[in-house]
Amino acid sequence: MDSSLYAARRRRNVIAAIASYGATFVGLTWLALILGVLFWQGLGGLSLRVFTEMTPPPGAMGGLLNAIVGSLIMTTLALLIGAPIGILAGTYMAEYGRHSYLTSVVRFINDILLSAPSIVVGLFIYYVMVRPMGHFSGVAGAVVLAVLVIPVMVRTTEDMLTLVPDTLREAAASIGLPRSLMIRQVAYRAARAGIITGLLLAVARISGETAPLLFTALNNQFYSINLNAPMASLPSVIFQFALSPYKDWQDLAWTGALIITLAVLAMSIIARSLTRTRKSS
Amino acid sequence: MVDVAWQETDVSAQDVAERAKVLNRLRIGDIVFHHITRSSALFVLVVLGGVIVSLFLGALPALGEFGFGFLTAQSWNPVTEKFGALAPIYGTIVTSLIAMLIAVPFGLMIAMFLTELCPMWLRRPIGIAIELLAGIPSIIYGIWGLFVFAPFIQQYIQPPVIAAFENVPGLSILFAGPPFGIGVLTAGLILAIMVLPFITSISRDVFDAVPPVLKEAAYGLGWTQWEVWRYVVLPFTRIGVIGGVMLGLGRALGETMAVTFVIGNAHRISPSLFAPGTTISATIANEFTEAVGDLYTSSLIALGLILFVITFIVLAIARYLLLRIERRVG
């Protein structure tokens, strides 16, 4: 009588194992499918032309130069604005106020901002920048992205500085180094790989952002590096071209999607390998 | 013989003054740096406050015009300037529910595989692969969903399902045709793929934090792997898993581009899951730049405010639960 009960338990176990293997298989297949289709559709259009020519009118040949340049400009600017603020805020949380009330509040709010819908941040910047200025602009796009960079940088900086052993800090303090110098000369150096990882993750996060750019930087058919005017970006061009009825625009959208994905994947893999070597050393 | 050099020279007054100047500079630098970092930390709070205040101010005209009726009205008519948020709210909740119904069991099973069944050497690569899914920008899911997934659903999934449930009461309404491909169900499925990695990686982390003694004790009693996972690991990590699920839900509610591509942007509440619909974020993304008139724009900002309030609550609960489990483990 017991053996049947045992068999039932064994059977349940096997079913669970199969479900578990199956779920993992499906998850990995999905990743392969997405990447596979992306390469299949995007690789054909990938040529030098993509990087050297403007976005074309429908029916003509062209590339994605203005979009790529726009994305690069806005991403760089966003990093220049957002990264210092994020790093400094993380520094306060890990070095000055590690156990303070302010730190726990900021950490809680920061974690929420980290996963808050980016489109809402877009509306915020629209309200405080685009509306008063009266027109869409590249600066507004960069500021939106900067607001998205901040939480990533705060999180990684705090985590990485917390990992720096206190003995290093004590050694620095014992030779009379003032606290701010200790942080900049000792703690930052010890946490450098981690902070760079955070930068890469931040870039990976913002380089695919589309929604908040739609109503801050808008888009631009033409080559423009004027920050005070609407600016093209790779994601918004993909959005516009993919939803268009023209085959050649759709093909360019696929190529753009492939470029973004490759860049993002490369950055996350580099970021991962950076933290890995740090851990093993 | 130990030579000890002893400086007998007097320290001149000038040296003292010099040293005081250097020390003073360092002291000021210290204070300045402290305040800069502190203001940066406060800036994070300012950003949150700015988001809330600006959304509220922007939404004020619409909220003043429609009042609480904005939440319950279904009409969305830019011509007559009658706006109601019910259809986008409904779409947001339904697509997120579909996503969670699929992603939660899948995510938990994958996490179970990664922590219990998978051979050690495979754990890291598979874990990374799943996390890479999380890193792919949402617009990629959108373009993939529009050109690959939606046609597939339209051709191979919807016709048989519509035919199969045609005469079943209840389900025939849920799966009523015609097969568009794009629609509420497709958007939910894409969302499921997008939140799967979040749920998986958090569940894996909390499963890993279960003390091995607990599992070993259960194995010692002769429990099977499934029983150990179901009756030891899962109850022990319940709070953390719920936190991870809420985090995924927060993502699903606010996800924009992937949904915008495949939901069809139709402002109506249809009982059929195959029908086109809209979500809050898709509505904003689609219509904001084309919105004419202050009331239209303000209504869209009001939608954003509703979305932010919903996701804020969900994410706050998620963080609170995850914080609790972090404290228990740490």
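Per chain, numbering begins at 1; letters A, B, ... match sequence-line order.
- For B:Val148, the part lying near chain A is the side chain, with the backbone staying farther off; criterion is any non-hydrogen pair under 4.5 Å.
- A salt bridge does not link B:Glu227 with A:Arg12: none of the charged nitrogens is closer than 4.0 Å to a carboxylate oxygen.
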### Task
Given side-chain contact (heavy atoms from CB on, under 4.5 Å), test B:His34 with A:Arg179 step by step and report yes or no.
CA-CA 9 Å; B:His34 186 164; A:Arg179 200 166 184 183; 5.9 Å; no
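- The most heavy-atom pairs under 4.5 Å with chain B, out of A:Leu218, A:Ile125, A:Thr24, come from A:Thr24.
- Looking at A:Phe215, the atoms closer than 4.5 Å to chain B (heavy atoms on both sides) sit in the backbone and in the side chain alike.
- Heavy atoms of B:Thr256 lying under 4.5 Å from chain A belong exclusively to its side chain.
- Looking at A:Val26, the atoms closer than 4.5 Å to chain B (heavy atoms on both sides) all sit in the side chain, from C-beta outward.
- Of the residues considered (B:Met112, B:Gln225, B:Glu255), B:Gln225 shows the highest number of contacts with chain A, using heavy-atom pairs under 4.5 Å.
- For the pair B:Phe288 and A:Leu214, the minimum side-chain heavy-atom distance is 4.5 Å or more.
- In terms of modelled atom types and a separation under 3.5 Å, the side chain of B:Asp30 and the main chain of A:Ser180 share a donor-acceptor contact.
- By number of non-hydrogen pairs under 4.5 angstrom with chain A, the leading residue of B:Ile193, B:Leu253, B:Val32 is B:Ile193.
- For B:Thr297, the part sitting under 4.5 Å from any heavy atom of chain A is the side chain, from C-beta outward, and nothing else.
- Of all the listed residues (A:Ile34, A:Thr103, A:Ile238), the one sharing the greatest number of non-hydrogen pairs under 4.5 Å with chain B is A:Ile34.
- When each of A:Leu102, A:Ile260, A:Leu38 is scored by its heavy-atom pairs under 4.5 Å with chain B, the top score falls to A:Leu102.
- Interface remark: B:Leu117 contributes backbone and side-chain atoms alike to the contact with chain A (heavy atom separation under 4.5 Å).
- Put simply, the side chain of B:Thr37 never gets that close to the backbone of A:Leu88: no donor and acceptor are under 3.5 Å apart.
- Between chain B and the residues A:Ile87, A:Leu28, A:Val128, A:Leu35, the most heavy-atom pairs under 4.5 angstrom are made by A:Leu28.
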### Query
Which is it for B:Phe33 and A:Thr91 under the side-chain contact (heavy atoms from CB on, under 4.5 Å) test, yes or no, and what are the steps along the way?
CA-CA 10 Å; B:Phe33 191 70; A:Thr91 308; 4.2 Å; yes
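- Contacts between A:Tyr126 and chain B at a heavy-atom distance below 4.5 Å involve the side chain alone, from C-beta outward.
- Chain A forms more heavy-atom pairs under 4.5 Å with one residue of B:Leu55, B:Ile284, B:Thr311 than with any other, namely B:Ile284.
- Contact annotation for B:Phe198: neither backbone nor side-chain heavy atoms come within less than 4.5 Å of a heavy atom of chain A.
- Contact of B:Leu57 with chain A is made through backbone and side chain together, with heavy-atom distances under 4.5 Å.
- In this structure, the side chain of A:Thr210 does not engage the main chain of B:Ile139 through any donor-acceptor pair within 3.5 Å.
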